[in-house]
There are 2 protein chains.
Amino acid sequence: MSGVRSPTELSAVFRANGLRVTPQRQLLFRLLYADTTHPTADALFTVASEQMPGISLRTVYQTLTDLTSMGELQSFDFDGTATRFAPNLGEHHHVVCRSCAKAADVHVDGTTHLRIDGLGGFSVESSDIVFRGLCSECAASATITSITSITSITSSKGSRS
Amino acid sequence: MSGVRSPTELSAVFRANGLRVTPQRQLLFRLLYADTTHPTADALFTVASEQMPGISLRTVYQTLTDLTSMGELQSFDFDGTATRFAPNLGEHHHVVCRSCAKAADVHVDGTTHLRIDGLGGFSVESSDIVFRGLCSECAASATITSITSITSITSSKGSRS
DNA sequence: TTTTATTCTGCAACGATTGCGAATTGCCAA
DNA sequence: TTGGCAATTCGCAATCGTTGCAGAATAAAA
Ligand SMILES: [Mn+2]
Ligand SMILES: [Mn+2]
Ligand SMILES: [Zn+2]
Ligand SMILES: [Zn+2]
């Protein structure tokens, strides 16, 4: 239920579902294992290409789709850009940086005490909580930018861009 | 802070921001007023076209973008499909039907008691909770489908597709 | 009314994702 | 081990949602 499934285990899952285990798939199993960045298909394609030049982006999408429909991965749409994929761990939620789009897992206590008002016939099966804010790196550079900006205004005697 | 801003109020907001009030914009203000469906740009375009044939989808996008950057609308990416827009009411969250993608507002109590573990340097500025499940219509038709399916299996003596 | 900066529209371009068909290949059976 | 063949990969075109751009239209100030 929790923990990342190993490449070997994923191979077994594929065979159990009547799917073949190819070098491309094995590589992706390895890359996904212990990847905590919630990467996009294209990000995985880039790193996969280093180890296997010629692998196609189409195959990356295919494998991610397969893994997702088998329940081994979850897919997320944190913003309007590319879909992000991550191992389907136990119940957890996410923080997303509004500046660099970095995402991280968080564990949230107290979700069972939430009172939902206004459901009007909807039945709830799951919940996704996305906390938005700034990662530490972006918070740091925001501070620097702000200081630079003040310095710039001071030293340029109030010019406007 | 809460409640939908009226077309007249939105016109004032536009003028206050140095933007002009055009018939296209006024129409969209009216359509958005009291629209609780969290429509896509294209859905709004369709209904707008009925009242103003010739209005362009580009203009709908433009106006939605303007309203969003003025803080009058919020935009959501519930799934990988089109962005959805809705008046920026007070704090509230959403239920989304996994079958027909209908979205509705819900009010959630207890969010202040959530304990977030594993933030690791992230500063949280806001949170979005999306509850996923089935709306009453889809739940009803799912039941019917299920019964039909059983009937079909029974009457076809166990054939497999 | 005249003027002009803003807005509208149509269309091209873009990024992400999927459909498709031909070439390749994992895997099972002999 | 070696076919045989269905599954898979790959490249490319197509699709979808959205945005950039430029010329025509127009809100609103004078
Ligand atoms: Mn995660
Ligand atoms: Mn809402
Ligand atoms: Zn960041
Ligand atoms: Zn539904």
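Letters A, B, ... mirror the listed sequences (proteins, then strands); counts begin at 1. As the structure is a computational prediction, the values presented were derived from the model and not from experiment.
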Next on the checklist: Output the rounded distance in Å from CG (B:Asp66) to C1' (C:dT7).
Outcome noted: 10 Å

Item to check | Distance, rounded to the nearest Å, where B:Arg58 contributes CZ and D:dA24 contributes P | outcome: 19 Å

Next on the checklist: Rounded to whole Å, please give me the gap between CG in B:Asp77 and P in D:dC16.
Outcome noted: 18 Å

Checklist entry - What is the ring orientation for B:His38 with B:His92, classed by angle as parallel under 30°, tilted 30 to 60°, or perpendicular over 60°? => result tilted

Next on the checklist: Just the rounded figure in Å: distance from P of D:dT9 to CG of A:Leu64.
Outcome noted: 12 Å

Item to check | Residues touching DNA chain C, which here means a heavy atom under 4.0 Å, drawn from residues 46-57 of chain B | outcome: B:Gly54, B:Ile55, B:Ser56

Next on the checklist: Which residues in residues 15-27 of chain B have a heavy atom closer than 4.0 Å to any atom of DNA chain D?
Outcome noted: B:Arg15, B:Arg20, B:Val21, B:Pro23

Next on the checklist: Quick check on DNA chain D: between A:Thr59 and B:Gly80, whose nearest nucleotide comes earlier from the 5' end?
Outcome noted: A:Thr59

Checklist entry - Are the side chains of A:Phe122 and B:Val96 in touch, meaning some heavy atoms are under 4.5 Å apart? => result no

Checklist entry - Rest of the hydrophobic cluster containing A:Leu134 (Ile/Leu/Val/Met/Phe/Trp/Tyr, side-chain heavy atoms under 4.5 Å)? => result none

Next on the checklist: If I take atom OH from residue B:Tyr61 and atom OG1 from residue B:Thr83, how far apart are they, to the nearest 0.5 angstrom?
Outcome noted: 7.0 Å

Checklist entry - Do NZ/NE/NH1/NH2 and the carboxylate oxygens of A:Asp66 and A:Arg25 come within less than 4.0 Å? => result yes

Let me have the donor-acceptor pairs involving side chains of residues 11-20 of chain A, under 3.5 Å, with sequence neighbours excluded, atom names and distances please.
unit_1: A:Ser11; atom_1: OG; unit_2: A:Pro7; atom_2: O; d: 3.1

Item to check | Verdict with reasoning, A:Phe76 to A:His94, per ring-ring contact (aromatic ring centres under 6.0 Å, His included) | outcome: CA-CA 10 Å; A:Phe76 302 95; A:His94 298 92; 4.5 Å; yes

Item to check | Rounded distance (Å) that lies between atom P of D:dT9 and atom CG of A:Leu28 | outcome: 9 Å

Next on the checklist: Within the 4.5 Å heavy-atom criterion, are B:Ile129 and A:Asp128 side-chain neighbours or not?
Outcome noted: no

Item to check | Test: A:Arg98 and A:Asp79 ion pair at under 4.0 Å | outcome: no

Checklist entry - What's the CZ-C1' distance between A:Phe78 and C:dA16, to the nearest Å? => result 17 Å

Item to check | Non-neighbouring partners of A:His93 that pass side chain to side chain donor-acceptor pair (under 3.5 Å), sequence neighbours left out | outcome: none

Checklist entry - Hey, does the side chain of B:Tyr61 come within less than 4.0 Å of D:dT18's phosphate (OP1/OP2), counting only N and O? => result yes

Checklist entry - Mind checking whether B:Ser99 and B:Cys135 have side chains closer than 4.5 Å, heavy atoms only? => result no

Next on the checklist: How many whole angstroms separate atom CZ of B:Phe14 from atom C1' of D:dA27?
Outcome noted: 14 Å

Next on the checklist: Rounded to whole Å, how long is the line connecting atom CD of A:Gln62 with atom P of C:dG21?
Outcome noted: 15 Å

Checklist entry - Picking from C:dT17, D:dC10, C:dC8, which would you name as closest to the side chain of A:Thr83? => result C:dT17

Checklist outcome for this item: Rounding to the nearest 10°, end axes of the helix from C:dT1-D:dA30 to C:dA30-D:dT1 built from five pairs each make an angle of 30°

